[in-house]
Student: 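Input: one structure, supplied below.
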Amino acid sequence: AQSVTQLDSQVPVFEEAPVELRCNYSSSVSVYLFWYVQYPNQGLQLLLKYLSGSTLVKGINGFEAEFNKSQTSFHLRKPSVHISDTAEYFCAVSEPINDYKLSFGAGTTVTVRA
Amino acid sequence: DGGITQSPKYLFRKEGQNVTLSCEQNLNHDAMYWYRQDPGQGLRLIYYSQIVNDFQKGDIAEGYSVSREKKESFPLTVTSAQKNPTAFYLCASSIAPNPENTEAFFGQGTRLTVV
């Protein structure tokens, strides 16, 4: 069974500083990886996804993530954050053996301070 | 505009009552999902449906029921058997369960509180 571990539950960061959110997964074969963002009392919005090809994936709002198969990781990064990036971020995995259903990590709350 | 609509946004239920959460999509997606979100636990899958008139249990189906009579609609009933129903419920859909279309689109959620 697939599982997703987000290594940090809370990440405080100053405005214009870089941020990295860590995500590790456990899965046997091919996986598809996602990062979603959730603003308070709202649904989830897709930031980026990795299906195949280049291991560096660029998403919306200046975010990017790198797929590392040997380390089973998919860390999310942004070189310079804004106040508006304050939100909860979820890493998710899907795989064929599981009907492509998404399995989510517990989430990382990013708080950006001026 | 195309999207997923969940209603109501806030819902209060007395203990012992069943309650139904609505989820409608006009994206022509085949697959639909219900997730429950609790603080610090991420999203957990309750039920999913890949096609009309068919659905499967997710990881935490006990105390919940669903139907999929129309492609656009996937209502979730929280029954009195659900011991701790207070949570944020999210409905999602995807085009089809295959690699290229596995991305899920989410509604705005329903916050259910048992009083």
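Computed from a prediction, not measured in an experiment: that's the story for all the values here. Here is the naming used below: chain letters follow the sequence lines, and residue numbers restart at 1 for every chain.
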Student: Do A/S26 and A/S3 get their side chains close enough for a donor-acceptor pair, meaning under 3.5 Å?
Tutor: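 A donor-acceptor contact under 3.5 Å links the two side chains.
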
Student: Indicate the ring-plane relationship of B/F106 and A/F104, choosing parallel, tilted or perpendicular according to the 30° and 60° boundaries.
Tutor: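 Geometry flag for A/F104 against B/F106: perpendicular rings.
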
Student: Name all residues meeting the salt bridge (charged side-chain N to carboxylate O under 4.0 Å, His left out) criterion together with B/K14; count only those two or more places apart in sequence or in a different chain, and write none if there are none.
Tutor: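 In terms of salt bridge (charged side-chain N to carboxylate O under 4.0 Å, His left out), with neighbours along the sequence ignored, B/K14 is linked to no residue.
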
Student: With a 4.5 angstrom heavy-atom cut-off, could you sort out which part of A/Q38 is near chain B: side chain, backbone, both or neither?
Tutor: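 Contact with chain B involves the side chain of A/Q38 alone.
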
Student: Taking the side chain from B/Q6 and the backbone from B/G109, do they hold a donor-acceptor pair closer than 3.5 Å?
Tutor: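 Checked: pair present.
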
Student: Does any heavy atom of chain A fall under 4.5 Å from the side chain of B/L43, the backbone, both, or neither of them?
Tutor: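 Both parts, backbone and side chain.
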
Student: Within 45° of the axis and under 6.0 Å from the centre of the six-membered ring of A/F34, does NZ or CZ of A/K49 qualify?
Tutor: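 The answer is no; the distance or angle limit is not met.
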
Student: Using a 4.5 Å cut-off on heavy atoms from C-beta on, say whether the side chain of A/N24 contacts that of A/L7.
Tutor: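 Yes, side chains in contact.
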
Student: Is it true that the side chains of B/N18 and B/T20 contain a donor and an acceptor less than 3.5 Å apart?
Tutor: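 Side-chain D/A pair, B/N18 to B/T20: absent.
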
Student: Can you check whether A/F90 and A/Y36 have ring centres sitting under 6.0 Å from each other?
Tutor: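 Between A/F90 and A/Y36, the centre distance exceeds or equals 6.0 Å.
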
Student: Chain B heavy atoms under 4.5 Å from A/E88: which part of the residue, side chain, backbone, both or neither?
Tutor: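 The side chain, not the backbone.
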
Student: So if I take each residue of residues 44-71 of chain B and look for any heavy atom under 4.5 Å from a heavy atom in chain A, which residues do I end up with?
Tutor: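 From residues 44-71 of chain B, the residues near chain A are B/L45, B/Y48, B/Q50.
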
Student: Go through the structure and list residues passing ring-ring contact (aromatic ring centres under 6.0 Å, His included) with A/H75, not counting sequence neighbours.
Tutor: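 Scan of A/H75 (ring-ring contact (aromatic ring centres under 6.0 Å, His included), adjacent residues dropped) gives none.
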
Student: Residues of residues 72-89 of chain B under 4.5 Å from chain A (heavy atom pairs)?
Tutor: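 Against chain A, the residues of residues 72-89 of chain B that fall inside the cut-off (heavy atoms, under 4.5 Å) are B/F88.
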
Student: Checking heavy atoms, do the side chain of B/Q37, its backbone, both or neither come under 4.5 Å from chain A?
Tutor: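 B/Q37 touches chain A through side-chain heavy atoms alone.
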
Student: Determine whether B/L27 and B/S93 make a side-chain contact, defined as any pair of heavy atoms from C-beta on separated by less than 4.5 Å.
Tutor: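 In short, these two side chains touch, coming nearer than 4.5 Å.
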
Student: Between A/E66 and A/R77, does at least one N-O distance fall below 4.0 Å, as a salt bridge requires?
Tutor: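 Yes, charged N to carboxylate O under 4.0 Å.
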
Student: Would you say the side-chain atoms of A/T108 and A/Q6 include a donor-acceptor pair closer than 3.5 Å?
Tutor: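 Yes.
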
Student: Can you say whether A/L44 sits under 4.5 Å from chain B via the side chain, the backbone, both, or neither, judging by heavy atoms?
Tutor: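 Both parts, backbone and side chain.
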
Student: Please classify the contact of B/Q41 with chain A as side chain, backbone, both or neither, using a heavy-atom distance under 4.5 Å.
Tutor: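 It is the backbone, since no side chain atom gets that close.
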
